[in-house]
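Naming: A, B, ... by sequence-line order, numbering from 1 per chain.
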Number of protein chains: 2
Amino acid sequence: MSKSKRLMDLMMTVNRKKKFTVKELATEFNVSTRTILRDLQELSELGVPLYSEVGPHGGYQVLNERILPPIAFTEEEAVAIFFACHALRHYAYLPFETESSSALSKFYFYMSGDVRDRIDEMKNRIDFVIPSRQAKFPYLSILLDGAIRQKVIRIEYGSRESVSARLIQPVGIYASSGLWYCPAYCFLREDIRLFRCDRIRSAVEDTSGTQPRDLRHLHLGNREALLPSEQQFTSLYVELSEEGVHRCEAEYWSATKLHRREDGTGWLEGRMPKGDIPFLAQFFIGLGTDATVKCPPELIDDIKRRLAELMARYG
Amino acid sequence: MSKSKRLMDLMMTVNRKKKFTVKELATEFNVSTRTILRDLQELSELGVPLYSEVGPHGGYQVLNERILPPIAFTEEEAVAIFFACHALRHYAYLPFETESSSALSKFYFYMSGDVRDRIDEMKNRIDFVIPSRQAKFPYLSILLDGAIRQKVIRIEYGSRESVSARLIQPVGIYASSGLWYCPAYCFLREDIRLFRCDRIRSAVEDTSGTQPRDLRHLHLGNREALLPSEQQFTSLYVELSEEGVHRCEAEYWSATKLHRREDGTGWLEGRMPKGDIPFLAQFFIGLGTDATVKCPPELIDDIKRRLAELMARYG
DNA sequence: GTATTTGTGACAATAGTTGTCACTATTATA
DNA sequence: TATAATAGTGACAACTATTGTCACAAATAC
């Protein structure tokens with residue numbers, strides 16, 4: 001095997017192993033330890049952050065970073081990756097430890113001149129807008145970690161007035177229009193609930209010994225299963241104008257209920273939990289004349305009540 | 001210079017030049033043409049897509065792809081890049097020619113085993129949700145290109161009923177909650193206007209010879225300047241509950257007007273174009289009792305009118 | 001036809017790489 | 001304290017790879 005190929009392989013190997021001895025590598029690559037030592041020195045000079053300790057149980061370690069081999073991207077691909085990462089800057093909170101900007105600047109730095117020029121021209125011409133919120137999400141990492149390792153997390157949850165302690169087992173986390181949400185099994189309610197991460201006041205791994213449930217079948221790709229199971233349902237039917245259809249398309253919950261007609265108008269039809277009446281009443285009022293609720297009657301009543309209240313307010 | 005170093009440099013060089021002859025490179029690198037030929041063959045074997053033509057005006061070319069040199073990413077960085085790109089899959093339309101999924105799979109493929117494992121675990125545990133819309137955006141590329149090169153674009157714009165032809169000079173494009181928008185100078189209205197890209201029925205580069213305006217000072221990073229200049233303004237003041245503040249944070253237009261109090265509540269205060277009254281009336285109705293409009297009176301009147309209409313509809 | 005270009009093969013000179021051996025130095029542990 | 005395990009360095013000979021030169025083939029634009 002030629003030296004350059006061996007160096008490449010070595011790069012990968014040390015990144016995979018993270019901890020290793022010279023002898024080990026010498027055996028693996030069928031060269032002498034002297035050669036490996038020389039190679040490692042060269043890798044060091046190439047930027048791989050190696051660290052070594054002498055003595056028994058000593059050996060080499062790779063610090064933190066890992067090397068990505070040369071990858072052939074098309075120009076379009078490189079640009080797309082750049083802007084995807086660029087969009088992350090809109091998120092003040094991310095469940096990754098590192099600032100994504102460091103990755104971005106590395107990526108940018110290594111790109112050849114004309115791709116860089118291309119990116120510079122595009123930088124102020126394209127954007128993925130995400131609402132910037134004041135809300136704080138300091139516990140995304142621990143929630144995500146809980147979801148991955150299926151751990152029970154103890155959180156304090158609530159609004160300004162009332163805070164309650166709960167044990168939850170996160171299913172995952174997702175960001176939607178600037179807010180982070182965490183669907184999770186709630187040991188208090190004994191059902192799946194959706195938590196808004198900015199209302200989580202604290203989060204730590206539970207130490208009381210509560211056994212995690214077996215929720216491996218639940219994940220974000222499996223949304224239907226995330227709905228709370230023990231609720232009273234009623235039937236929803238809403239007529240929508242063309243604009244009403246557009247507005248509903250932006251709503252996560254309506255995807256399965258939305259039907260479209262040839263002429264652009266449409267309707268919502270499906271089951272809805274009774275607990276959603278307040279939310280939906282307000283939502284359909286917001287659609288104005290672009291939505292006409294036909295049933296359930298409870299929803300219509302709530303809409304009427306709210307309209308009356310508003311009328312009173314504006315005299 | 002050692003061979004491996006020269007090969008790396010060569011990789012960069014050929015990617016920069018895209019078209020070159022063996023002799024050129026030989027001079028540049030101070031080696032013989034024979035050596036360069038051997039090097040190029042090696043690069044080929046390493047995956048650089050080289051193509052050559054013999055004869056005068058012949059030479060080498062790099063096809064399409066460009067090589068990214070080995071980059072040292074931390075694990076966190078690699079993961080962040082992956083999920084940033086992963087989020088792009090929610091966009092059915094992008095202004096890049098290539099599917100971003102191809103870039104993603106390359107990236108994934110080259111990542112070392114344990115980062116890949118990490119990603120696999122996280123895949124169904126974290127997501128960036130963007131509303132999926134039915135709308136179609138086939139002209140993003142031409143609009144973006146127009147914005148970059150400051151070209152005049154001829155579009156057909158409108159709703160189902162009325163379609164009008166217009167000349168525009170795009171400032172940029174951006175995606176917001178699942179829809180693409182294009183702020184542009186409109187030669188018909190002689191002012192900056194915001195176009196919804198799904199209402200653009202066709203778009204071609206203008207050939208009538210209309211001179212582009214000098215709009216280099218306008219770009220997406222410069223939003224204040226994008227507001228239409230010749231409009232009648234009036235003063236807006238709205239009281240907001242805590243929830244009302246939250247809802248307004250998600251709205252793009254409200255960022256500069258939103259003020260917060262210590263207790264979480266807040267208010268909107270600022271100038272608003274009179275043309276926005278219908279939109280704002282509907283918006284504040286949607287906020288229900290979380291918003292109380294204090295002025296302008298025209299807005300309050302419109303809200304009352306709309307409430308009355310809704311009351312009538314629901315009997 | 002000529003100049004320009006890629007492309008191949010052979011070979012000797014040169015340059016780089018490797019293994020061995022003999023060292024030094026540090027450190028955990030028996 | 002002795003021992004074994006580990007990194008690390010230097011010198012040198014044997015080996016291997018790289019390079020330049022030269023000869024020649026083949027395609028192609030002008």
Side-chain angles (χ1 to χ4, degrees), chain A residues 1-67 69-70 72, chain B residues 1-67 69-70 72:
Chain A
M1 195 198 291
S2 78
K3 191 193 175 188
S4 26
K5 177 138 179 32
R6 194 183 58 235
L7 276 177
M8 279 286 179
D9 274 21
L10 206 56
M11 232 185 223
M12 305 296 139
T13 306
V14 301
N15 267 308
R16 202 182 60 242
K17 293 183 113 106
K18 281 193 161 170
K19 200 160 195 311
F20 52 89
T21 67
V22 174
K23 215 182 200 172
E24 245 176 81
L25 293 184
T27 317
E28 196 171 326
F29 283 90
N30 269 312
V31 292
S32 69
T33 55
R34 187 67 183 90
T35 304
I36 290 291
L37 272 167
R38 282 192 274 241
D39 286 352
L40 287 176
Q41 187 162 11
E42 210 157 328
L43 281 192
S44 241
E45 282 158 19
L46 282 172
V48 184
L50 294 173
Y51 167 80
S52 65
E53 266 179 8
V54 296
H57 311 299
Y60 269 89
Q61 275 174 270
V62 187
L63 298 176
N64 194 17
E65 316 235 318
R66 42 199 55 243
I67 296 285
Chain B
M1 195 198 293
S2 77
K3 191 193 173 189
S4 25
K5 177 142 179 31
R6 194 182 60 234
L7 276 178
M8 277 289 179
D9 274 21
L10 206 57
M11 232 185 223
M12 303 298 139
T13 306
V14 300
N15 267 308
R16 202 180 58 243
K17 292 184 115 106
K18 279 192 163 171
K19 200 164 194 310
F20 51 89
T21 67
V22 173
K23 217 182 201 170
E24 245 175 81
L25 293 183
T27 317
E28 195 171 326
F29 283 89
N30 269 311
V31 292
S32 69
T33 55
R34 188 65 181 88
T35 302
I36 290 290
L37 271 167
R38 283 192 272 241
D39 285 353
L40 288 176
Q41 187 160 15
E42 209 158 328
L43 282 193
S44 242
E45 282 159 18
L46 281 173
V48 185
L50 294 171
Y51 167 80
S52 65
E53 268 180 6
V54 297
H57 311 298
Y60 268 89
Q61 276 173 270
V62 187
L63 297 176
N64 192 20
E65 315 235 320
R66 41 199 55 241
I67 296 284

When you check every protein heavy atom under 4.0 Å of nucleotides 23-28 of chain C, what one-letter string (B, S, -) results, 5' to 3'?
---BBB
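Look at CG on B:L25: it is 13 Å from P on C:dT5, rounded to the nearest Å. Rounded to whole Å, atom C1' of C:dT6 lies 10 Å from atom CG of B:L40. The distance between atom CG of A:L10 and atom C1' of C:dT18, rounded to the nearest whole Å, is 15 Å. A:E53 has its CD atom 17 Å from the C1' atom of D:dA4, to the nearest Å. In this structure, A:F20 places its CZ atom 12 Å from C1' of D:dA7, rounding to the nearest Å.
Applying the ring pair (Phe, Tyr, Trp, His ring centres under 6.0 Å) definition to pairs two or more places apart or across chains, those involving residues 2-35 of chain A are A:F20-A:Y60. Applying the salt bridge (charged side-chain N to carboxylate O under 4.0 Å, His left out) definition to pairs two or more places apart or across chains, those involving residues 32-41 of chain A are A:R6-A:D39.
Listed by chain and number, the residues in a side-chain hydrogen bond (donor to acceptor under 3.5 Å, both in side chains) with B:Q41 amount to none (sequence neighbours excluded). For A:E53, the side-chain contact (heavy atoms from CB on, under 4.5 Å) partners at least two apart in sequence or on another chain are A:Y51. B:E42 is linked by a side-chain hydrogen bond (donor to acceptor under 3.5 Å, both in side chains) to B:K3, counting only residues two or more places apart in sequence or in another chain. With sequence neighbours excluded, no residue forms a side-chain hydrogen bond (donor to acceptor under 3.5 Å, both in side chains) with A:Q61. Judged as a side-chain hydrogen bond (donor to acceptor under 3.5 Å, both in side chains), and not counting sequence neighbours, B:T27 has no contacts.
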Using the 3.5 Å cut-off, write out each protein N or O paired with an N or O of nucleotides 12-19 of chain D and the distance between them.
from   : atom 1 : to   : atom 2 : distance (Å)
D:dT18 : OP1    : B:K3 : NZ     : 3.2
D:dT19 : OP1    : B:R6 : NH1    : 2.5
D:dT19 : OP1    : B:R6 : NH2    : 2.9
D:dT19 : OP2    : B:R6 : NH2    : 2.8

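In this model, no side-chain donor or acceptor of B:R34 finds a partner on the base of C:dG7 within 3.5 Å.
The phosphate of D:dA5 (OP1 or OP2) has no side-chain N or O of A:T21 nearer than 4.0 angstrom.
Across B:I36, B:T35, B:L37, a single residue satisfies side-chain contact (heavy atoms from CB on, under 4.5 Å) together with B:L25, and that is B:I36.
For the atom pair B:T21 OG1 and B:H57 NE2, the distance stands at 12.5 Å (nearest 0.5 Å).
Remark: DNA chain C forms stems of 3 or more consecutive Watson-Crick or G-U wobble pairs, all pair distances under 3.5 Å, at C:1-30 with D:1-30.
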